[in-house]
Amino acid sequence: MAKYWSIADILSGKAKVDDEVVVKGWVRTRKDSKAGFSFINLHDGSCFDPIQVIANNNLSNYESDILKATTGSSMAVTGKLVASQGQGQSFEIQATEIDVLGLVDDPASYPIQPKPHTMEFLRSVAHLRPRTNAIGAVTRVRNCLAQAIHRYLHSQQFNWIHTPIITASDCEGAGEMFRVSTLDQTNLPLTDKGAIDYSQDFFGKEAFLTVSGQLNVETYCLSMSKVYTFGPTFRAENSNTSRHLAEFWMVEPEIAFADLNDNADLAESMLQYICKAVLDERGDDLAFFNQRIDKTVIERLESIVNNQFERMNYSDAIDILQKSGKKFEFPVAWGTDLQSEHERYLAEEHVGRPIILMNYPKDIKAFYMRMNDDEKTVAAMDILVPGIGELVGGSQREERLSVLDSRIDEMGLPKENYWWYRDLRRYGTVPHAGFGLGFERMVAYATGMQNIRDVIPFPRTPGSAEF
RNA sequence: UCCCCCUUAGCUCAGUUGGUUAGAGCGACGGACUGUUAAUCCGCAGGUCCUCCGUUCAAAUCGGAGAGGGGGAGCCA
């Protein structure tokens, strides 16, 4: 029995010429030569390139099956690995047996035709789009990034904490939440006062999908020292942009005995590591992205790996924007949040590479961010990258109970909801910090894909949860 | 949530001032040629002009409503 190989292993030279091999996959193209054979480009997802199979017309099922195998058909091929006589590939398979497993019903209307498609169209056939070059390449880069994140953090002795998806604590405060309920929506139980009686719901109280694992992961940080979450998060914001999803993945490292600079160091080092991993491991896919999607992708990744990120205080950024002589649609003033156009100017024009903005005004940031000595700013940081904008958001956390309490009061938050979060400051508190990396934004940055809906298999956005 | 744009063949798009039988490229299919690889050449098929209502002698074209999609802004990751 010949060995079943992945196309990646064969094309990278792991099989020997003259070996008998088996490959299985889907037909990308088939061209028939009157010289008495067909060229079949077979793809199995293991790498960017398909392998070329030569099917002679003396195969018993040549007329009956092989000539019917159009683009998208599946087959198992047994044959001899040989050096290619043609150009464009080093190896090819001289087939001795081809088992056509599944034909394509109606080739004329098969959505994935051997021609360019728009991303908008491919979204409408999300169940078939992984068969395209672009989405296949995105899938491999996405996987490479995910594996690299785990590998990097593991090598730094981080523990991966599986924080909950369902949360019954109404204190995450990072955005609108999706409700989780098993109550009969057509016959809701009511309290004496006419409100919905959630005490009868599944958890005995209101429950939601998480918008961030940060508060939960902080609890493990204050025991395990270096931890992270990596999983899906949900925001019920009515955001309709190429950078937002209702369901997305987020990496949130949290480190104890650390300040904002340690936090920025970690984020920078992790981003450099994972970008290097993509450069090292996915050269085939990057070559495609660089040629067809965004001619600056490789250059951009190399620039991340080879350069230190620019670090800048919020206040200095305001100065730079005000002195830029640039006319912005929104005015620049200390104390207001930066607009997209401001972030773009800083990352794309002023420094031309990723920039870490630090120490924002306290009034535009969350309650848990650590108050600086000036009592005007907090130890927050955003990493802005050209083309995407905000890729990372993080902060040093407020570890002093009294300061945390006054921030909670100042923002009018219900202190009782935070009892367990406050306990962390009562029992052995330490300085700690962390950040969140939007995983899809990272994939978009690493591939040059312009719309975040094309870097996640099945995008969920307002009004759209098809498939 | 706000502003703008789009919807015509499997896909990408033309379609003039409202006027006879709605076109092209790609793809598919058939043929020629060919160790081809974004092949090339010839031919053929393919239409609920998003849906509904209205204006009109006449609507792909004008008006209204609805559905779907996209770009930008805000929110953020």
Side-chain angles (χ1 to χ4, degrees), chain A residues 28-42 49-56 67-68 70-72 82-89 92 94 104-125 128 132-133 173-176 211-214 232-252 267 291-292 329-330 337-341 343-344 364-366 382-385 388-394 435-445 450-454 456 461-464 466:
Chain A
R28 273 287 164 76
T29 58
R30 194 197 79 234
K31 291 196 189 98
D32 308 316
S33 169
K34 280 296 177 295
F37 53 87
S38 296
F39 300 103
I40 298 168
N41 278 323
L42 198 70
D49 288 315
I51 193 162
Q52 176 155 280
V53 173
I54 310 299
N56 262 289
L67 288 185
K68 291 178 184 158
T70 53
T71 300
V82 296
S84 181
Q85 296 172 37
Q87 298 192 337
Q89 62 278 319
E92 64 189 22
Q94 191 74 46
V104 166
D105 266 357
D106 177 17
S109 65
Y110 178 59
I112 310 300
Q113 296 167 346
K115 56 160 287 186
H117 291 291
T118 60
M119 291 300 154
E120 290 84 356
F121 169 68
L122 291 176
R123 260 168 243 157
S124 72
V125 286
L128 298 174
T132 61
N133 278 334
E176 292 296 311
V211 295
S212 162
Q214 180 202 316
T233 49
F234 307 86
R235 306 248 169 118
E237 307 282 351
N238 194 4
S239 296
N240 296 285
T241 80
S242 57
R243 306 178 303 283
H244 291 85
L245 292 165
E247 176 183 277
F248 65 100
W249 285 58
M250 189 154 59
V251 189
E252 296 175 280
Q291 188 189 350
R292 296 288 172 90
E329 190 187 339
F330 294 91
D337 217 347
L338 297 177
Q339 305 291 317
S340 286
E341 57 175 346
E343 296 183 347
R344 230 178 294 125
I364 58 172
K365 289 293 178 183
D382 282 355
I383 301 185
L384 313 176
V385 297
I388 304 282
E390 189 176 339
L391 182 64
V392 165
F435 63 87
L437 166 68
F439 186 58
E440 281 74 19
R441 289 186 181 177
M442 185 63 225
V443 180
Y445 186 74
Q450 294 191 331
N451 196 309
I452 201 166
R453 292 164 201 158
D454 301 320
I456 189 167
T461 53
S464 176
E466 192 61 61

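The basis for the numbers below is simple: all heavy atoms, side chains too, and nothing from hydrogens, waters or symmetry mates. Naming convention: chains lettered A, B, ... in sequence-line order (proteins, then strands); numbering from 1 in each chain. This structure is a prediction, so every number in the text was calculated from the model and none was measured.
Counting non-hydrogen atoms under 4.0 angstrom, A:Phe121 reaches the backbone sugars and phosphates but no base. Contact annotation for A:Arg453: backbone-only contact, meaning every heavy-atom pair under 4.0 Å involves sugar-phosphate atoms and none involves a base. Note on A:Arg123: only backbone sugar-phosphate atoms sit closer than 4.0 angstrom, heavy atoms only; bases stay farther off. Among the protein residues, A:His244 comes within range of the nucleic acid bases, having at least one heavy atom under 4.0 Å from a base atom. Counting non-hydrogen atoms under 4.0 angstrom, A:Thr70 reaches the backbone sugars and phosphates but no base. When heavy atoms are screened at a 4.0 angstrom cut-off, A:Gln339 is found touching the sugar-phosphate backbone but no base atom. Across all strands shown, A:Glu92 has heavy atoms under 4.0 Å from base atoms, whether or not it also approaches the sugar-phosphate. Note on A:Gln85: a base of the nucleic acid sits closer than 4.0 angstrom, heavy atoms only. Across all strands shown, A:Gln89 has heavy atoms under 4.0 Å from base atoms, whether or not it also approaches the sugar-phosphate. Using a 4.0 Å heavy-atom distance criterion, A:Asp106 is classed as making no nucleic acid contact. Base contact: A:Asn238 has a heavy atom under 4.0 Å from a base atom. The residue A:Thr29 sits apart from the nucleic acid: no heavy atom pair falls under 4.0 Å.
Here the side chain of A:Asp337 is nearest to one of B:G70, B:G35, B:C76, namely B:C76. Of the candidate nucleotides B:C75, B:A77, B:G71, B:C75 has the atom lying nearest to any side-chain atom of A:Ser239. The side chain of A:Lys115 lies closest to B:C26, out of B:G70, B:C26, B:G35. Closest to the side chain of A:Pro107, out of B:G35, B:A77, B:A28, is B:A28. Side-chain atoms of A:Lys31 lie closest to B:A39 of the nucleotides B:G70, B:A39, B:U34. Of the candidate nucleotides B:G10, B:G71, B:C75, B:C75 has the atom nearest to the side chain of A:Glu237. Here the side chain of A:Ile54 is nearest to one of B:A28, B:G10, B:G35, namely B:G35. Residue A:Thr241 has its side chain nearest to B:G74 when only B:A32, B:G74, B:G35 are considered. Comparing B:U12, B:C76, B:U36 by their nearest atom to the side chain of A:Thr118 picks out B:U12.
Heavy-atom nearest nucleotides on RNA chain B were determined for A:Gln94 and for A:Gly438, and the one closer to the 5' end corresponds to A:Gln94.
Between B:U61 and B:C6, the two P atoms lie 14 Å apart (nearest whole Å).
By the 5.5 Å and 30° criteria, A:Tyr110 is not stacked with the base of B:A28.
Pair check for B:A28 finds none; no Watson-Crick or G-U wobble contact set falls under 3.5 Å.
If you take CG of A:Leu338 and P of B:G74, they are 11 Å apart, rounded to a whole angstrom.
Within 6.0 Å of the CD atom in A:Gln113, the count of heavy atoms belonging to other residues, nucleotides or ligands exceeds 12.
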